[in-house]
Amino acid sequence: MTSLIPAPGVLRHPTVGGFVLGESTVLDAGPGTEATARWLRGTLGAVTGLALAPGAGDDGETIRLRVSPEDAGHLGPEGYKLYVNGDDVTIHGGGPAGVFWGAQTLRQLLGPEAYRRAPVDPGRRWQLPGTFVEDSPRFRWRGLMLDVARHFMPKDGVLRCLDLMATHKLNVLHFHLTDDQGWRIEIERYPRLTEVGSWRARTKFGHRASPLWEEKPHGGFYTRNDIREIVAYAAERHITVVPEIDVPGHSQAAIAAYPELGNTDVIDTSSLSVWDNWGISANVLAPTDNTLRFYEGVFEELLELFPSQFIHVGGDECLKDQWKQSPTAQARIKELGLADEDGLQSWFIGHFDRWLTARGRRLIGWDEILEGGLAEGAAVSSWRGYQGGIAAARSGHDVVMCPEQHVYLDYRQDAGADEPVPIAYVRTLEDVYRFEPVPPQLTAEEAARVLGAQANVWTEVMEDQGRVDYQTFPRLVAFAEVAWSALPAPAERDFADFERRMSAHYRLLDALGVGYRPPTGPLPWQKRPGVLGRPIEGAPPNR
Ligand code: ACM
């Protein structure tokens with residue numbers, strides 16, 4: 001039995017025919033499949049020690065890659081058909097991406113040991129069973145949001161994350177680059193954003209109710225070339241990187257760098273530093289022309305670096321207290337004829353909606369941006385449950401479903417006392433497996449507005465890659481199957497079969513060196529003293 005995850009549309013293992021990789025195996029890569037050939041040579045070449053040279057070989061020697069929508073069965077640009085028999089291995093993709101996802105399936109067919117980076121058994125026969133696969137994704141947005149602002153993830157970790165996404169056929173990295181606690185991308189015209197904004201003097205340890213700080217500076221940022229490398233590495237893997245610059249809230253790091261961005265008529269912003277606490281900072285951007293011009297400069301540089309159609313502007317959790325007190329903000333409300341501070345937030349987001357649209361891009365933001373009405377073409381990340389997404393789809397906007405109740409991977413994976421991050425809702429592997437991105441109350445036309453789904457990894461309590469691995473895996477594997485495979489309704493999903501396939505998949509994650517949460521619970525070094533993660537008594541199950 002094969003253990004493919006995400007489950008393909010059709011999988012058959014004919015009893016005859018199988019293919020063995022050997023010294024004479026060649027890669028015959030048709031137009032548009034060069035990057036996939038490079039990737040196969042890199043990964044399979046490393047683990048098998050075989051050259052997998054370019055060329056067309058004799059019977060039993062060729063792995064053939066072709067972009068061919070007709071042969072792929074018109075399954076769309078990401079669909080593919082994969083044939084393994086005694087004569088050859090052939091992948092027909094509906095587009096270059098389809099060939100790449102087919103190559104991912106090919107690697108999985110070789111088994112968990114194919115995920116190592118050097119040969120551990122030089123005499124091993126790399127045998128593929130006779131196989132036919134026909135496969136295509138349910139959704140075109142299969143996302144992972146990575147928060148590198150709360151805790152910086154060095155570039156190598158981001159590249160590794162992209163490899164892990166590709167293994168699971170995920171195709172959008174939503175890159176949360178700025179927040180109150182850090183600014184992580186070099187902006188040439190505003191050097192203080194990284195000189196000042198990319199590090200904080202100390203860090204709250206554990207939950208925001210914790211009384212402890214780690215008295216140690218934390219920081220880091222990506223240079224422009226780091227970003228170019230990340231974007232190109234992602235593109236070779238058919239992953240789009242959607243950058244997020246969070247405005248007008250979650251902006252204290254930027255204000256610490258450039259105090260004039262803040263509400264200077266309410267507080268002395270020159271004394272602000274990059275925030276060392278968790279939660280939502282009251283220090284938000286001033287709704288002035290100066291702020292708009294400043295961020296147009298930021299977004300101009302962003303557009304040079306990120307070719308993605310969508311640019312994320314955040315828009316979540318903007319506290320309005322300073323705007324209520326600020327004579328400047330109040331004058332702006334009057335001048336623009338707005339009802340209140342919520343109108344000011346809409347005006348702010350609306351400005352960048354028009355600005356991005358004029359440059360051929362599309363704005364996406366958290367569901368709060370719906371509150372004041374949105375321009376045509378703007379899209380919504382629905383995080384406060386499904387409601388925002390339903391409203392957006394009904395008003396003709398595209399939606400990415402990422403409700404916190406289901407796919408916030410910082411939330412605990414088990415109700416037991418040993419979970420290192422005992423915050424918010426308990427969401428087990430099975431809960432994530434039964435997550436349904438399309439709410440049943442949508443009509444077919446409205447449901448077509450759901451671009452897909454996204455799992456969000458907020459990193460307040462994940463200070464390093466080990467913590468991110470623990471919270472993200474294995475739940476991201478279940479999420480990937482939800483986003484790719486045509487699963488039945490949640491109650492009818494065969495979780496026992498998924499668990500059976502997971503037992504092999506854990507070996508794959510082991511070979512990749514992923515520090516997942518074991519099914520039996522955290523290992524001794526994955527636990528934490530509970531008091532540091534204690535939920536606030538009586539508070540809603542929120543971060
Ligand atoms: C969010 O979780 N504030 C989008």
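Whatever order the structure lists ligands and atoms in, that order sets their numbers, starting from 1. These numbers come from the heavy atoms of this one structure, side chains and all, not from hydrogens, waters or symmetry mates.
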### Query
Which of the atoms of ligand 1 are close to Y408, meaning less than 4.0 Å from one of its heavy atoms?
1 (C), 2 (O), 4 (C)
### Message
Taking R189 first and then E296, would you say they form a salt bridge - that is, a charged N and a carboxylate O separated by under 4.0 Å?
### Response
no
### Message
Would you say H250 and S281 are linked by a side-chain donor-acceptor pair, where the criterion is simply a distance under 3.5 Å?
### Response
no
### Task
Specify side chain, backbone, both or neither for E404, according to which of its non-hydrogen atoms lie closer than 4.0 Å to ligand 1.
neither
### Query
Looking only at distance, does E317 have an N or O less than 3.5 Å from an N or O of ligand 1?
yes
#### Entry: D316 N/O to ligand 1 N/O under 3.5 Å
yes
### Message
I'd like to know if the side chain of R449 reaches the main chain of E445, judged simply by a donor and an acceptor atom lying under 3.5 Å from each other, with no hydrogens or angles considered.
### Response
no
### Task
Pull out every atom of ligand 1 sitting under 4.0 Å from any heavy atom of W458, numbered as shown with elements.
1 (C), 2 (O), 4 (C)
### Query
Between R293 and N290, is any side-chain donor less than 3.5 angstrom from a side-chain acceptor?
no
## Note on the structure
In H238, K169, R142, the residue satisfying side chain to side chain donor-acceptor pair (under 3.5 Å) with E78 is R142
